[in-house]
Participant: 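Structure incoming, see below.
Keep in mind it's a predicted model, so treat the numbers as computed, not measured.
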Amino acid sequence: MYIPSLTTVLSVAFLGYMANSMWNIVQLYIPPSCPPTEKTCISNMLSPTSSVSLLMFSTIKSRPQAGSDLKYLSRLDIMAEEEKEHTVTVKLPRSVTRNGSMYLSVFACHPGLGEKDMSKDGWWQEAINSPQTSYTLTKLTQFATPVAETFNLLSDDTTDKPKVERDRSKPVTHLRSKITLSLMTDQLSMSIKQVPGEIGQVMQLTKDRKQFLPILYVDELTMRLKDLVIVNSTDKESSVTVSYRPISLGKLRLFLQFTSALGSMVGMGFTDKDTDEVKGIFADTNLVLLLVTFGVSAVHLLFDFLAFKSEINFWRGKKSMEGLSRKTILWRAFSQSVIFFYLMDEETSLLVLIPAGVGALIEIWKVTKALHVKISLSGITFGEDSKVEASTAELDGVAMRYLSWVLYPLCIGGAVYSLIYTPHKSWYSWTVQTTVNGVYAFGFLFMLPQLFLNYKLKSVAHLPWRAFMYKAFNTFIDDLFAFIITMPTAHRVACFRDDIVFLIYLYQRYLYPVDPNRIDTSTMMDEEPARGTAAEEKKTN
């Protein structure tokens, strides 16, 4: 009887959970319908052809009162189904320039105000007090850590260097330069009992309880950190681009639930930068692409886990370095560590940083296996190589000698070019940047010694092919994520570079097929030989 392994059970359970989550997302886009016998049906007051006037006010209070607390900014007249963009000039009070907060109050007047006289003081009081007016409040400012300034390290021009170094130890006030407003325009009829919980929090019924007012929503997912503008103490006013886009019920439900989930992520210790990267996946994404991204993410996580597990199993049982390039292993440990420090210097999202850190630790552990390092109370000792390992190391050294003729001049030339022509935050930043550029641009050359060994030995049986295949699948998945998740350009290019290397490895596997009777070296290597020896003893007896 076949008993599935724990890894298989966990993998199937994980994929089942992700499939259920994808189905839950699809259900958000299926609108409820009111039964014919139901007497408590409600419908949307707003139609696609309705005219609406959006009145915008600034305030420094989180719970403003209509009157002196509101400072009129602008009026935007729209049709419910059209998209429109408007630039608003915001005057900055002294409290805001001194690291204070500011808010934006928005009223959706339905129907539109038309030719209403706007010359009198307080003309908007009657409009915002109408029983058919919707209201929402959002932050106009946000606290964020200032971006580090860069300059040319060799320049003597003092104007090129920052006059005052910004304090990046604490967040300061930034203005949101882009804000997106939306109205839910779907025509639907549903029972009060069918109203989804997240919609019920933003829905307001009319007095006769047969319709609901236009649902006004501020799209928090389109508010990215790159759109924040720092507020200086000398600033008097600033410009904000206000965009209007209609939104469907399904997308509104998804955005409301996801905004709530982002709040939970912050409570678990994730920073604004981490949640900002996740926002980019959902903002301006249709349902099909969203589901594809969600499914691919699940498969990527699964393959990451399986690759780590297979590689650890392979190296844990590895006793000999026959056929394996020690230089390649040392290089991968060095390059993964440099990449980790580079991503940390670039303040990359934890979604990219954590896997890079785990990968670096595994590569360092592999170095201890490759060098036969043993750590004990008496100290660190290095084991001796066998004759087969010595011959492999000799071929490895030949490959590295040829490689150094190409690699070193390229790395030195790239470092000098970066120092002269590229601005950096500091000398440490230049060191990390130039090192990682060498890793990204020419790092694949360090994978060539292993290809050279495969060619000389006419064999690929010594490689951990199971882990290799998981990594190959993930490499192609990374190509998709390179266009979705924000990451440094060099890291994005490296994803496509690895594709070429894996294709060469696959071609070598085709040229040098593995003997099917040979023991699979990617499994637990100590168990199979023992079984084979026991079987031979039985035959001889």
Participant: With sequence neighbours excluded, what pairs up with Asp77 under the salt bridge (charged side-chain N to carboxylate O under 4.0 Å, His left out) test?
Facilitator: Arg75

Participant: I need the Tyr244 OH to Glu85 CD distance, nearest 0.5 Å.
Facilitator: 14.5 Å

Participant: Does Ile60, at its CD1 atom, have more than 12 non-hydrogen atoms belonging to other residues, nucleotides or ligands within less than 6.0 Å?
Facilitator: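 Counting neighbours around CD1 of Ile60, 12 or fewer heavy atoms of other residues, nucleotides or ligands fall under 6.0 Å, so no.
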
Participant: Considering residues at least two apart in sequence or located in another chain, which fulfil the side chain to side chain donor-acceptor pair (under 3.5 Å) criterion with Thr8?
Facilitator: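 Thr8: side chain to side chain donor-acceptor pair (under 3.5 Å) contacts with Ser5.
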
Participant: Can you confirm whether more than 12 heavy atoms, excluding those of Glu126, are under 6.0 Å from its CD atom?
Facilitator: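 No, not enclosed.
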
Participant: Please examine the side chains of Ile364 and Ser337, heavy atoms only from C-beta on, and report whether any two atoms are closer than 4.5 Å.
Facilitator: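 Touching, per the 4.5 Å side-chain cut-off.
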
Participant: Give a yes or no on this: more than 12 heavy atoms of other residues, nucleotides or ligands lie within 6.0 Å of atom CZ of Phe143.
Facilitator: yes

Participant: Using the ring-ring contact (aromatic ring centres under 6.0 Å, His included) criterion, which residues pair with Phe341? Sequence neighbours excluded.
Facilitator: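 For Phe341 there are no ring-ring contact (aromatic ring centres under 6.0 Å, His included) partners, ignoring immediate neighbours.
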
Participant: Decide side-chain contact (heavy atoms from CB on, under 4.5 Å) for Leu104 and Met56; before the verdict, give the C-alpha distance in whole Å, the side-chain angles of both, and the deciding distance to 0.1 Å.
Facilitator: CA-CA 7 Å; Leu104 178 69; Met56 289 165 277; 4.1 Å; yes

Participant: Under 4.5 Å between any side-chain heavy atoms of Thr87 and Val240, yes or no?
Facilitator: no

Participant: Residues in side chain to side chain donor-acceptor pair (under 3.5 Å) with Thr185, at least two apart?
Facilitator: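 Checked Thr185 against side chain to side chain donor-acceptor pair (under 3.5 Å); matches are Glu81.
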
Participant: To the closest 0.5 Å, what do you measure between CD1 (Ile179) and NZ (Lys139)?
Facilitator: 12.5 Å

Participant: Identify, with sequence neighbours excluded, every residue that meets side chain to side chain contact (heavy atoms under 4.5 Å, CB included) alongside Glu115.
Facilitator: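 Glu115 satisfies side chain to side chain contact (heavy atoms under 4.5 Å, CB included) with no residue once adjacent residues are dropped.
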
Participant: Around Gln65, counting heavy atoms of other residues, nucleotides and ligands shown, do more than 12 lie under 6.0 Å from its CD?
Facilitator: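 Open.
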
Participant: Taking the side chain as everything from C-beta on, heavy atoms only, tell me whether Ile247 gets closer than 4.5 Å to Phe255.
Facilitator: yes

Participant: In Å, rounded to the nearest 0.5 Å, how long is the span from SG of Cys34 to CD1 of Ile192?
Facilitator: 9.5 Å

Participant: Scan for salt bridge (charged side-chain N to carboxylate O under 4.0 Å, His left out) pairs involving residues 356-366, sequence neighbours excluded, and state none if there are none.
Facilitator: Glu311-Lys366, Arg332-Glu363, Glu363-Lys366

Participant: Just to verify, what does Trp365 make a ring-ring contact (aromatic ring centres under 6.0 Å, His included) with, not counting sequence neighbours?
Facilitator: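 Counting only residues at least two positions away or on another chain, Trp365 forms no ring-ring contact (aromatic ring centres under 6.0 Å, His included).
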
Participant: Give every residue pair that meets the side-chain hydrogen bond (donor to acceptor under 3.5 Å, both in side chains) criterion with at least one member in residues 194-205, sequence neighbours excluded.
Facilitator: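 Qualifying pairs, neighbours excluded: Glu198-Arg253, Glu198-Gln257.
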
Participant: Could you list the residues that satisfy salt bridge (charged side-chain N to carboxylate O under 4.0 Å, His left out) with Asp69, not counting sequence neighbours?
Facilitator: Lys61

Participant: Could you give all pairs that pass the side-chain hydrogen bond (donor to acceptor under 3.5 Å, both in side chains) test and reach residues 206-218, with sequence neighbours left out?
Facilitator: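 Non-adjacent pairs meeting side-chain hydrogen bond (donor to acceptor under 3.5 Å, both in side chains): Thr206-Asp208.
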
Participant: Answer yes or no: is there a donor N or O on one side and an acceptor on the other, between the side chain of Ser182 and the main chain of Arg245, under 3.5 Å?
Facilitator: yes

Participant: Scan the side chains in residues 14-25 for donor-acceptor partners under 3.5 Å anywhere in the protein, sequence neighbours excluded, and list what turns up.
Facilitator:
{"unit_1": "Ser21", "atom_1": "OG", "unit_2": "Tyr17", "atom_2": "O", "d": "3.0"}
{"unit_1": "Asn24", "atom_1": "ND2", "unit_2": "Asn20", "atom_2": "O", "d": "3.3"}

Participant: Show the numbers, then the answer: is there a side-chain contact (heavy atoms from CB on, under 4.5 Å) between Leu183 and Leu216?
Facilitator: CA-CA 5 Å; Leu183 289 171; Leu216 181 59; 3.8 Å; yes

Participant: Applying ring pair (Phe, Tyr, Trp, His ring centres under 6.0 Å) as the test, list every pair that has at least one member in residues 82-108; sequence neighbours left out.
Facilitator: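 Those involving residues 82-108 are Phe57-Phe107, Phe107-Tyr135.
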
